[in-house]
Amino acid sequence: MALLEVSDLHVSFPTPDGVVRAVRGLSFAVETGKTLGIVGESGSGKSVSTQTIMGLTRGARVSGQALFEGIDLLAMSPKELRSVRGAKVGMIFQDPLSSLHPYYRVGWQIIEMIRNNHHEISKAKARERAVELLRLVGIPQPDRRVDDFPHQFSGGMRQRAMIAMAMSLNPKLLIADEPTTALDVTVQAQVLQVMRRLQEEFGTAIILITHDLGVVAEVADDVVVMYAGSTMEKADRYETFGAPHHPYTEGLLQSLPAYGGERERLRPIPGQPPSLINLPGGCPFHPRCPYVMDRCRAEMPPLFEVGGNPAHTSACWLSRDQVERAALRTKVVGQPLAAPAVP
Amino acid sequence: MVRFLVRRVLLGVFVMFVVTIVVFIIFFVGPGSADVARTLAGREATPKTVALVAHRLLLDRPIYVQYWHFLDGLLHGNLGYSYYHGQPVTTILKQAFPVTLSLALGAAVIWLVLGVLSGVLSAVRNRSFWDRTVTVLALFFYSMPSFVLGLLLLYVFYYQFTLAGIHLFPGAGYTYLTANPLKWFQGLVLPWITLALVSAAAYTRLTRGSMLDVLNEDYVRTARSKGLSEHRVIYRHALRSALTPVVSQFGIDLGVLVGGAVITESVFGMPGLGFTAVQAIGNQDLPVIIGIVIVASAAVVVANILVDAFYAVLDPRVRLH
Amino acid sequence: MTETGASSHRVAGTDKDVLVKVENLQKYFPVQTTSLFRRNHDQVHAVDGVTLEVRRGETLGLVGETGCGKSTLARCIARLCDVSAGRVIFDGRDITSLTPRQMRPLRREMQIIFQDPYGSLNPRRRVGSIIGDPFALHGIADGAERKRKVQEVMELVGLKPEHFNRFPAEFSGGQRQRIGVARALALRPKLIICDEPVSALDVSIQAQIINLLVDLQREFNLTYIFIAHDLSVVRHVSDRVAVMYLGKVAELAPAEDLYQVPRHPYSNALLSAVPVPDPKKSSDRHQIILIGDVPSPIDPPAGCRFHPRCPKAQERCATEEPALASVLGDSAEHVTACHFPVEKGEDLSNTSRVSVPPSGSQTT
Amino acid sequence: GNGGSSSTSTTAASGAIANQRYAANDSGTPVTGGTLTMLGTGDVDYMDPNVSYYAIGYLGLRLWSRSLYTYPAVQGQTTNEVPDLATANPTITNGGKTYSVTIRQGAMWNTTPNRQVTAADAVLGLKRTCNPAQPFGGQPDFSTLIVGYADFCSGFAKVSATDASAMKAYIDANNFSGVSVDPSNPQTVVYNLTQPVSYFTNILGLHAFDPAPVEYLNYVPAGNDLAQHTISDGPYEVQSYNPANSLDFVRNPAWKASTDPIRKAYVDHIHVNETGTQASIQQQILTNTPQADMEWDSFVPTNDIPGLLASNDPRLSLETEYSTNPYVLFNTQSPNNSGALGKLQVRQAIEYALNRTNLIQDAGGPKVSPPLTQVLPPGITGSAPSYNTYSYDTTKAKQMLSAAGYSGGLTLKFLYRPANQMSSKMFQTIQADLGKLNITVTGVPVPNADFYTKYLEVPSTAKTGVWDLSLAGWSPDWYGNAAASFFPPLFDGRVLPPTSSNFGLFNDSTLNPIIDAALKAPTEAAAGALWHQADVETMKQAAIFPITDPNQAVIHGSQVHHAIYMAPYEQIDPTNVWLSN
Amino acid sequence: MSLSPGDIVAIEKVGVSAGVPPPEGAAATVIEGRSPWRLAYERLRRDRASMISLGVIVLIILVAIFAPVVAAITGHGVYEQFRTTGLSPDGLPVSPSSHFLLGTDDQGRDILVRVAYGARISLIVGVVATLLEVVIGTVLGLAAGYFGKVVDTVIARVIDIVLSIPFLLFAISLVSISHPSLTIVIVVIGIFGWAAVARVVRGQVLSLREKEYIEAARALGAGPWRIMFIDILPNIVAPIIVYASLLIPVTIVIEASLSYLGVGVPPPTADWGTMISGAQQVYQQAWWYLLFPSAALLITTVAFNIFGDGLRDALDPRAEQIYK
Ligand SMILES: Nc1ncnc2c1ncn2[C@@H]1O[C@H](COP(=O)(O)OP(=O)(O)OP(=O)(O)O)[C@@H](O)[C@H]1O
Ligand SMILES: Nc1ncnc2c1ncn2[C@@H]1O[C@H](COP(=O)(O)OP(=O)(O)OP(=O)(O)O)[C@@H](O)[C@H]1O
Ligand SMILES: [Mg+2]
Ligand SMILES: [Mg+2]
């Protein structure tokens, strides 16, 4: 059984302008010790879905199931949910500066987390542990920096401090919502390395949300591609990047400069993501899809197994035979999926 | 931190300096100042007194000498002499100050507690029945001129009560705390309420807005994600930041209040700074007016410095800069 | 448009072909605003002695970590801020100390496209008037004439004429960026500075904008200074790339050279840190993970600025500032500021933890 | 004849006064003790008997500074002067020009040790009235009357106003023959007058003539130091004085009831709270709030009076002030409208056009403010028989106005005090009334404090036409034979403000001689006849438009007994009330 | 990518009807550009409380404008004193009756008519003084925020100083040394009120100045004045309008307070503050004299405040968090 199994998650927000359907029938699963990457364009519902699972969205209409160790998180009382948060599921967010309380010392914030779940731990002990954690994530002179305020940390250090905090209770699952988007590549590399190391050490499962396909390719075991609140494609990373089935995944990859040859025209996905208030009928991607068929406009495809691989599913009416699919691709796009160039 | 405070104090001194110039210009140089000496000397002054006043103020000397003299007096704690009362202005202010202070501090405590608590609750239960009720009430009292509220309270809690034989609140006046604590308290209840309700309404609105903003902050989400209790999230994490604008407003308001709650003191006939000022204005007792204006400005300036200091304590980013 | 290949734009560097010349440019910012009572001599060394040239028709890429001074350099070139020291020569003319008034006619010749598609368009003005601004400001066209010209430009960047009366808020990020491009393009400037024009966009949209920029360059023979975080984007669009570190140019080379044989250890680290969107390749890469943070630009390290984090740093690096010159037999086009440049094939990832002193510097 | 017939009690007219007998609440046996709390809105003018000039100052002095003559708290006789410190009425000799007054043995200052009040103290008191620091405001009443006083004063005026010792030196070194100690009796003080007048005994009742202890010479007169170091010969002494805030009196151990026929001094302690507002004071007393016994300088708000009258509330006293207050003042020298107000016909037209009934409504109605159609209010010698020269008649007013050449109308500036309820109400009423005559009245609002000092008392403002009409009021400095306290200051055009109160700069060659004659009249009766003539002449010349001789409405708690209203203090006499339970 | 909810709303609306046209090709439906003002207006329209309060405000304005009509209908002039029918012989007001619908004041005048006329003063002062404050404050705030450096330092200090001056005290002293009049009241309120506006404007400008579109304008060669008035001003108009609408009730209360303290608009002008202060003397006998002007004042301030709140929510949706 997967550590976290989300099925048919729907989240919508009633607003004065209409109902924003942020997540529509999302399902995915995370295995212990594995990393699940969730990619998708901005506004595709990545953050909303994970935050909803942890009970952090307010004013939303939610349906579906999110079984964590077999218990439905969505059905928990706030109190039960609180005992899961932090202790069993740690979270880190995109902007490490605004995610740390500016008025409290970094150490204090970690200690608070520790002592909130383990009242028996003395302050001094908790502090030791905080220092230890900061050292673990590679903060230099952690015994001194533990008393710094967040604004005295650099961006990378803040994010590492966030990780330290999220990991302080040895959670089974770490949800990292775009943990490196605000960081420079060199710092991103540092942070990702820390995450990988911790995962190896503690066997934590990680949900890594990002729209950087490169990051996913490097660290995720499995990948969920989201578009307009729905899962478009689920597969392990090799399949995703090597043999994507869904035209959207394919489009994303082709948009990358790294995939095009030097100074060639890129092949962007035309158009823009749809409004979540008034989604196009059928497959939400159909207005931008080069393979669009009449059926796509009328009917939303369910997740089909691709190429007989149960681990690879795709929500698309196109042929599920990988060979046929590749041929079609060549016909429509004019060339096979190019391989990325390594800088 | 120390540098920050020193800078802040210097700025305060500068502000006070300019205020004295403004006061000086308005009352000594501006229109209607032709008769400064006569006005200063007050009612029933003999020409002799007038001449004396003129001489003492160096009115026959150049403006800057006059100003320097005026400032010099101030620096030595000499706010001038009220010829109307035949007393130094400081003496008059010393009597009025405790009155205003009692009124201001008491009211401030009430409105802070009332305003902040209701603001927090209504932000936390955003759009609930409670929120709507509080919002409507806050808006109502916020719109209420304090003299209307004061008169209303007097009519009900003083006039009607007293007619009914209940002597809970006096209709006016002030008893010094040292003279009779119970009466001091009884006498202050209605003025406190008047002042507090109007201000509390403003604070409810302020706190609610600020709290709503803060509740959307990422670090509040972080706090929730840590599994903290809602209580702790709200009071330890959100409120602390949400208080910042409240604190700065509070400093300004308290400063203004210490300078005299003119209307409330007038409605309830409390001989505080505001009331004294109104009376002084009626009597054209210029030295007292000037004294109160300067003291009141100083109160605001000091309050601002305290706010900034508190700010620094509250927010390490300010402190450590 | 077919692939004519960018190489046709690569002209050998004669002085006539140089559009912008930057000589030892320095830009310091005083820390915080000055107030009545404070004297503060601390300064941010945002750009600290940069020398480079931009040739007509080329795209010069500018990469480097946050805060290394890319935008500041760009702003100095466009004379949107005063220069502390050094010279900026634009089209043969020294513009270093022109007043804003004197600069005005020159504004026709150089334009900027900004990063934030939301912040760079005035939300209270209609698209037509935003794009019409350049015409209005330089008194080029009026009334119907202006409207026609604006719609022309709009069409050029893929906007519809009927968008003329809309507000920026009604557009998506990609469309907004097109508006920004249209505005910059309106007067057909010689130079367009693109300050991270695609950083805020999703990949699919990013590709649309990059294509647009490349097409326009070809059509109007534009010169670009292209700033970006994303090294693969820079590589895609640039003829030459300058790598900046802490207000200085660390390495400057033709794009392919730089990506194939990065000489500066920092360039190496930067390139190796870029995640590759191909799981097969990423696993066997040697990543150089830098230790510590970028030092404060208020008090930059002496000698080579990179030395506190450099895996190859030696004594000399801490004292002697390396000059920007071609090394290890590189062409004159490929210059590096390093005492110990990286050989081809040298693996830095193994040395990464050796000689680096722990960085205690803070970024406050 | 130079008879000294002027006794201290000749106010025959007092019977004519409409005494509302709500006040006395005399029943029961007086009780000694208790604390009397008086509520007020303001402070005494000065804590200095020789300088104080306002009723509120006098009210305080009634408690602690005895005068030579005073008014008894006897219903119906409250304006009949009787001896206080004096043993008897003055002995008048020298053809009415010399007055001898003997001070009671046993009247003591509360100094340590207690000291007898002597004639020398009385001399000192009078000398202090024209000190340069703060001279007594009522000097014009007697400055030329007492031999040598004017010279003494002009010399005194040259002394430093802040230097107590210089003033002491001047007082010690300079004497004048107008006042002296009888060489044969240190308790007898002798006053010499420049001419016989019928009202000098009344003048001797002024607090300005109070004996002053020598200790006062150590302080600047009327100053704050003095106020904190008063010495008392009355039944009470000042326990604490907190200016503009509170005054506390306790019994004066040096005072002996046997030496004081006037004050019963029942209560032990008197607390004055000076920080109330009129409305709240009224409410507190009306609602029988404990600690609210009597008013201090506050009165029943005019609007409360009808209700109290209707319910026959025994706590109300509504009694005459013996004043003409307010009256409409004409600026006879205004250049506006080509000097219209200088023309008799125009002033007379306005007299006809003003509706006194309306103005009286503004003043609380006829019960509170009975109409007054002449200068002297009833009760003042010379006021009877009462008459009305102009009765309300707009037709006549219009005719006279066109006859005077103003059929096209006038624009008059009305000087008033917006902070003063009645002032601003009457302004609006007059504006409405004269509007019917095509006279536009525009307001010139001025602060309370500026009203006299910057406007009315500055003749140039009248002469330059800053204002045309205004309201003023006048009450005499003493009572009974008091017309001398009306006409010279109000209508004698030979003296100008600020020395006089002839704010309208009225000057009439017929009136001036009558005034002179009346002042010199040897007997009160003769004076009365002449004053009446002056009154008629003044009204004929339309110098003012009298409105009312108002009754003062004061209220006291029902626990307060023997509450006698005293016009000179404009309050109930606190030295004679007693408190039940 | 930073989106403000306001933006989201707009984008999604466009997306709705257009199905989001791909830039290359594909026909797009023509949509009329909806200005931020229009969006705000639509939001405001949907806010019932704001619309009701707007109705009340319009009503008050109508009453003010047509006060003479009220006078004509009742047949009672504002200054007309009904000495016999409107006052007891002792000068007490008479209670509401069919003749005097809201009773009379202590001068026998019709309170209904005077309350109607009083609306004029309140509105004139409220609007004119607010305008004065806003104009001064905006110009100085703009200058301070945009030019920075010395200009900013000076203006910011002046703002500090003005804000340190206890307003009411200073105002009554100032009014009292000159003759009270409507103009003085307005000028004094304006003199002290601008600082708060300037501070708000300055803050806004400081943050706007950093916006890239300002930089873009400079890059295009726009001069400082053009930037200030074409690029910055339209962006702070909304907060200024909101601020102004919330300032109006404040100003009205201040005017009433000055009048209450006797230093406001002089009689016989009908003014709510003056009426309340007059009523304070007789409210035990004549509650109507206190009640109706107070109610008028309160209703006006409440209406303006509700409307101002609604306006703020409409113009700056962030303040009221649509998505919560
Ligand atoms: N509280 C809310 N009320 C209404 N709509 C919301 C709310 N929160 C999120 N949304 C909408 O839901 C959609 C999905 O948002 P979400 O934050 O999950 O996107 P995302 O995939 O995380 O995007 P990004 O990459 O920009 O972080 C967006 O269109 C967003 O506007
Ligand atoms: N106006 C300014 N005042 C003070 N310091 C400034 C100013 N503008 C930039 N800086 C500082 O100059 C340095 C260089 O900034 P710059 O914006 O040029 O960096 P950048 O390379 O463009 O970074 P990014 O990638 O984040 O855009 C930074 O440390 C920045 O804080
Ligand atoms: Mg997100
Ligand atoms: Mg930048």
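Everything numeric in this text was worked out from a predicted model, so none of it was measured. Chain identifiers are assigned alphabetically (A, B, ...) following the order of the sequence lines, protein sequences preceding nucleic acid strands; residue numbering begins at 1 within each chain.
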Looking only at heavy atoms, what is the nearest atom pair of L297(E) and P145(B), with distance? CD2-CG, 3.5 Å
Does CZ belonging to F157(B) count more than 12 external heavy atoms closer than 6.0 Å?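 No, because the 6.0 Å sphere around CZ of F157(B) holds 12 heavy atoms or fewer from other groups.
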Is it true that atom CZ of R221(B) has more than 12 heavy atoms of other residues, nucleotides or ligands lying nearer than 6.0 Å?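 Yes, CZ of R221(B) has more than 12 neighbouring heavy atoms, counting only those of other groups under 6.0 Å.
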Could you check which of V293(B), I292(B), V19(B) has the highest count of heavy-atom pairs closer than 4.5 Å to chain E? V293(B)
I need the residue from V22(B), T135(B), L151(B) with the largest number of non-hydrogen atom pairs under 4.5 Å to chain E.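 Counting heavy-atom pairs under 4.5 Å, the top option is L151(B).
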Is there a side-chain contact between [X] and [Y] (heavy atoms, below 4.5 Å)?
{"X": "V148(B)", "Y": "L298(E)", "value": "no"}
{"X": "Y142(B)", "Y": "D309(E)", "value": "no"}
{"X": "Y260(E)", "Y": "V267(B)", "value": "yes"}

Nearest 0.5 Å, what's the OG-CD1 distance between S143(B) and I306(E)?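 S143(B) atom OG to I306(E) atom CD1 measures 7.0 Å (nearest 0.5 Å).
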Say you draw a straight line from CD1 of I263(B) to CG of L258(E); how long is it, rounded to the nearest 0.5 Å?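 Rounded to the nearest 0.5 Å, the CD1-CG separation comes out at 7.5 Å.
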Specify which of S257(E), P293(E), S294(E) makes the most heavy-atom pairs with chain B at under 4.5 Å.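 Answer, by heavy-atom pair count under 4.5 Å with chain B: S257(E).
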Heavy-atom distances under 4.5 Å only: say whether I161(E) touches chain B with side chain, backbone, both or neither. both
Heavy-atom proximity to chain B below 4.5 Å, by part of I252(E):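 I252(E) has no heavy atom closer than 4.5 Å to chain B.
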